[in-house]
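Following: one structure in structure tokens, then a few remarks.
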There are 2 protein chains.
Amino acid sequence: MPETDPSARPPEPEPGPASTRERLLDAAAQLFLERGYAATGVAAVLEKAGVRSGSLYHFFRSKEDLLLGVLDRYIELLHPVIIAPVEALTDDPIERVFVLLGRYREFLLMTDCRLGCPIGNLALEISDTHEEARRKVVQNFENWCAAVERWLVDAGKRLPADVDRAALARYVLTVMEGGQMQAKAQKRIEPYDASVAGLRDHVLRLTANDE
Amino acid sequence: MPETDPSARPPEPEPGPASTRERLLDAAAQLFLERGYAATGVAAVLEKAGVRSGSLYHFFRSKEDLLLGVLDRYIELLHPVIIAPVEALTDDPIERVFVLLGRYREFLLMTDCRLGCPIGNLALEISDTHEEARRKVVQNFENWCAAVERWLVDAGKRLPADVDRAALARYVLTVMEGGQMQAKAQKRIEPYDASVAGLRDHVLRLTANDE
DNA sequence: GTCTATAGAGTGATAGAC
DNA sequence: GTCTATCACTCTATAGAC
């Protein structure tokens, strides 16, 4: 149903206070990250958003539907919040991979390694029990990997021709998630740093024949 | 309080039907793995164990205490169930690493990639909210890494002298957990295989100067 | 679109008989 | 050590006024 009156523009995304729906998504995203999906009660989301239950169930059919909304938003935010800033920081395609991992490091440090990766947490918690949410988690991972893969393709001959760029991109995600998990468990950044250092060493050896 | 009567041996671990405490731990471990900790109700544990709540609260002070029992049991089972069988399968210290990863692969396949790693799942779910459980998760990870590190030390000169064995062992855990997470999300073994293949390539390059 | 009030089921945990 | 019965609370979701 498109808006027929051309003077009334529909989204107006940024300016002014966030809409109720936005505040609900914000509150839910943060609580799901801090406590997990199952451990977060709808009441906590309502309180954090400053909203009553009637409003929540006006925008979302259920708590699970709210989760889907949160995962959709993560999909939307990937490029503007994660990928684009990295590409603005450096043009070197391989360095972009490590700048990306460096920004996850900053997030871990900012939160004292308490929270971890929002998608990774949800991936393990809901993949086996919430099929629709699982598919959106997969979409998040796929888009992330596709962006990294683009950089690896841009690296051209710096990587051996027989190195599968898509597989290497997934491997970068593996190292990020595995390192983040250990950092969260240990509440220390060192396991994450050690993981990224391992990947760095691997990539260094892959690009050793650099011209 | 040690048993003073020498004819009454205390543990008698294996024979006969499992004790009530054991059945509760079995049921809880499986449900926490299938549904997660928060999403598992005490009632479900009771039903699966065929026990009434009075018995559960005789052995465990709370649901959280039951979680600690599950994590303690994982610590106990690491060597007999995970490490020793791998060491029986091959003497080659580096191959042991990949046999270990191969056995996790078998478990993923047996469960259609639905469940993932019991410790990894709990690590992300409870690390920020259940401090005592978090410490037991860390102990699980530490013991796992220590076993892998021993193998890497046994590899001697096949690995360059400047390669930190402990760091590489943690990196193996990173790859296992990161790969397992993606396999669980995608419900396909391929992301796990790709992750292990990436590690294999890395280790191959590390041991390229093998005598 | 947001509010109040509440339904109805489920939660972790406890008391006390046996 | 295991049972039954039950408490006090929280959970997700809905109804209906405004």
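Note that the structure is predicted; figures quoted are calculated from it, not measured. Basis for what follows: all heavy atoms, side chains included, without hydrogens, waters or symmetry-related copies.
Near DNA chain D, defined here as any heavy-atom distance below 4.0 Å, the residues from residues 49-58 of chain A are A/S53, A/Y57, listed numerically.
In this structure, B/R35 atom CZ and C/dT11 atom P are separated by 9 Å, rounded to whole Å.
Side-chain contact between B/T111 and B/L33 is absent, with no heavy atoms from C-beta onward closer than 4.5 Å. Side-chain atoms of B/P93 and B/L152, non-hydrogen and from C-beta on, never get closer than 4.5 Å to each other. Counting heavy atoms from C-beta outward, A/V42 and A/Y57 have side chains that approach closer than 4.5 Å. Taking 4.5 Å as the limit, some side-chain heavy atom of B/P85 sits within range of a side-chain heavy atom of B/R103.
Donor-acceptor pairing under 3.5 Å is recorded for the side chains of A/H202 and B/D201. For the residue pair A/N143/A/Q139, the side-chain donor-acceptor check at 3.5 Å is satisfied. Side-chain atoms of B/E95 and B/W151 form no donor-acceptor pair, as typed in the model, at a separation below 3.5 Å. With hydrogens and angles left out, the side-chain atoms of A/E142 and B/Q186 include a donor and acceptor closer than 3.5 Å.
If you check every strand for non-hydrogen atoms under 4.0 Å, A/S19 touches nothing.
The minimum heavy-atom distance linking B/W144 with B/V172 is given by the pair CH2-CG1, 3.9 Å. Contact detail for B/E34 and A/D128: the closest heavy-atom pair is O-OD2, 3.5 Å.
The footprint of chain B on DNA chain D, defined by a heavy-atom cutoff below 4.0 Å, extends from D/dG1 to D/dA5.
Each end of the helix from C/dG1-D/dC18 to C/dC18-D/dG1 gets its own rotation axis from five pairs of C1' atoms, and the angle between them is 0° to the nearest 10 degrees.
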